[in-house]
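All values below were derived from every heavy atom in this structure, side-chain atoms included, with hydrogens, water molecules and symmetry-related copies excluded. Below, chain A is the first sequence line, B the second, and so on; all start at residue 1. Here the structure is a predicted model, which means the values were calculated and not measured.
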Amino acid sequence: MAIAERLSRTTELGYWKGEIPVYYVYTMGRAGERFFRAIKEEGKFLGTRCNRCDKVFVPPRIYCEECMERIEDSYLEVSKRGVVHTFTVCYEDMDENRLEEPKIVAMVMLEDADGGLVHFLGEVEPQDVYIGMPVEAVLKEKELREGNILDIVYFKPMT
Amino acid sequence: MLDETRIKASVTALSETDMRDGKVLTIKWKPKLYYAWDNGIAIGRYLQELKNGRIIAKKCNGCRRIMLPPRMFCELCWRPTDEWVYVQDTGTINTFVVSHVDWKASRIPPGQRYYTPAVIEIDGASKGMGILHMIDEIEPYEIKIGMKVKAVWKPPEERIGAITDIKYFKPL
């Protein structure tokens with residue numbers, strides 16, 4: 001039967017290559033804008049506080065996600081220190097290329113807050129990282145900051 | 001209690017210029033969305049024959065249809081198809097459109113020809129079998145359904161084994 005037909009000429013093998021041209025522009029939103037502007041201009045971390053639930057959200061939210069109260073008037077500075085809540089060691093980049101040096105990605109829960117940031121750990125070897133390790137944020141020089149999460153270079157172990 | 005008036009008053013929509021002029025912080029990203037689509041046996045041969053300047057179809061001995069573009073399986077008889085058959089490079093316009101916008105839905109600038117894609121039933125293939133291609137060498141609004149057309153090919157050295165090896169179809 002013809003379905004078993006085989007290609008005898010390899011020139012007939014082929015594929016069609018293409019690219020889907022898409023791009024996006026992400027805006028931070030009201031709370032995100034405040035958060036990243038504070039990092040960029042003042043080197044501060046901001047959170048918002050819900051007095052009813054006794055919670056401090058970092059990154060800040062404009063509504064309390066538990067009671068839906070509007071909390072946009074409650075910005076406060078929070079600490080740039082925290083502890084490693086969980087972490088992973090990455091040996092490949094986003095395109096699955098081998099990295100020369102592995103990167104450590106951690107969820108850092110910030111002091112005096114009920115939230116935290118996912119970021120890199122630096123100035124530490126993968127085998128020395130542990131859950132509960134105290135760390136602090138290292139920011140870029142002020143003139144190099146652009147108002148995004150990479151204004152934080154990494155979190156390093158607290159000395 | 002939510003203060004409705006305060007919320008309404010504090011909402012401002014972002015405009016494109018706010019983003020472009022850097023009034024608000026933005027993250028720009030262009031994902032790399034590359035793909036490679038496997039031609040398969042039937043379309044592989046079809047494209048190869050286009051490079052040779054010929055159009056090839058495939059016949060089903062069950063329903064006796066000559067199918068274009070060729071396929072390895074008959075969806076009506078539920079069986080593999082049979083012989084390869086060369087068909088003509090002439091045909092009949094089954095349907096067409098005069099498009100004032102390009103594929104990005106942007107208006108075509110004044111002076112530039114409107115796009116006139118058509119479904120062309122190819123001579124030698126079964127009724128209703130056809131390919132989508134461009135019509136040219138005629139004013140867009142003079143195109144008619146049922147009009148006889150013929151393929152205008154690229155010169156052999158420019159053909160790469162693609163449907164664009166046919167530049168367009170022109171009225172006979």
Side-chain angles (χ1 to χ4, degrees), chain A residues 1-41 46 50 52 59-60 62-64 67-75 93-97 145-151, chain B residues 1-4 6-7 10-16 18-20 22-49 51-52 56 58-62 70-74 78-84 103-104 160-163:
Chain A
M1 294 285 266
I3 201 77
E5 194 165 329
R6 297 172 77 138
L7 290 172
S8 51
R9 282 179 293 173
T10 51
T11 50
E12 288 172 10
L13 285 171
Y15 54 87
W16 196 256
K17 269 179 145 177
E19 185 194 352
I20 304 169
V22 296
Y23 63 91
Y24 66 78
V25 178
Y26 171 83
T27 53
M28 316 284 183
R30 296 166 70 98
E33 185 80 19
R34 283 283 292 265
F35 181 66
F36 287 110
R37 287 242 183 243
I39 291 177
K40 184 181 183 225
E41 281 148 28
L46 292 187
C50 177
R52 186 188 295 190
I62 63 172
Y63 287 97
C64 172
C67 71
M68 296 294 159
E69 178 74 350
R70 193 175 171 83
I71 53 172
E72 204 177 3
D73 296 329
S74 67
Y75 282 99
D93 69 10
M94 276 168 64
D95 299 319
E96 299 180 10
N97 300 312
R145 291 184 212 144
E146 294 171 342
N148 63 47
I149 195 70
L150 295 177
D151 288 353
Chain B
M1 271 274 285
L2 296 175
D3 180 349
E4 301 257 351
R6 193 185 60 173
I7 292 168
S10 63
V11 170
T12 36
L14 282 179
S15 73
E16 204 175 328
D18 290 338
M19 289 181 252
R20 197 179 54 218
K23 283 185 190 154
V24 293
L25 299 171
T26 53
I27 304 245
K28 297 188 177 95
W29 187 259
K30 190 173 184 294
K32 285 179 259 176
L33 297 181
Y34 298 113
Y35 65 87
W37 182 76
D38 182 3
N39 293 342
I41 295 173
I43 298 297
R45 175 92 191 261
Y46 174 64
L47 295 175
Q48 200 59 35
E49 292 290 354
K51 195 174 178 182
N52 299 332
I56 200 161
K58 213 161 189 290
K59 191 177 174 192
C60 171
N61 286 338
R71 36 189 180 267
M72 300 307 286
F73 199 82
C74 179
W78 205 244
R79 61 186 291 284
T81 52
D82 301 281
E83 291 92 43
W84 293 95
W103 66 280
K104 286 187 282 188
I160 56 167
I163 191 66

Side chain to side chain donor-acceptor pair (under 3.5 Å): pairs with one or both residues in residues 16-25 of chain A, sequence neighbours excluded: A:Glu19-B:Lys30
How far does CZ of A:Phe36 sit from CG of A:Asp151, to the nearest 0.5 angstrom? 8.0 Å
Chain A heavy atoms under 4.5 Å from B:Ala42: which part of the residue, side chain, backbone, both or neither? neither
Top contributor to chain A contacts, counting heavy-atom pairs under 4.5 Å, from B:Val24, B:Asp38, B:Leu14: B:Val24
Could you tell me which portion of B:Lys32 (side chain, backbone, both or neither) has an atom closer than 4.5 angstrom to a non-hydrogen atom of chain A? side chain
State which residues pass ring pair (Phe, Tyr, Trp, His ring centres under 6.0 Å) with B:Trp78; sequence neighbours excluded, sorted by chain then number. B:Phe73
So, the side chain of A:Asp93 versus the backbone of A:Asn97: is there a donor-acceptor pair under 3.5 Å, distance only? yes
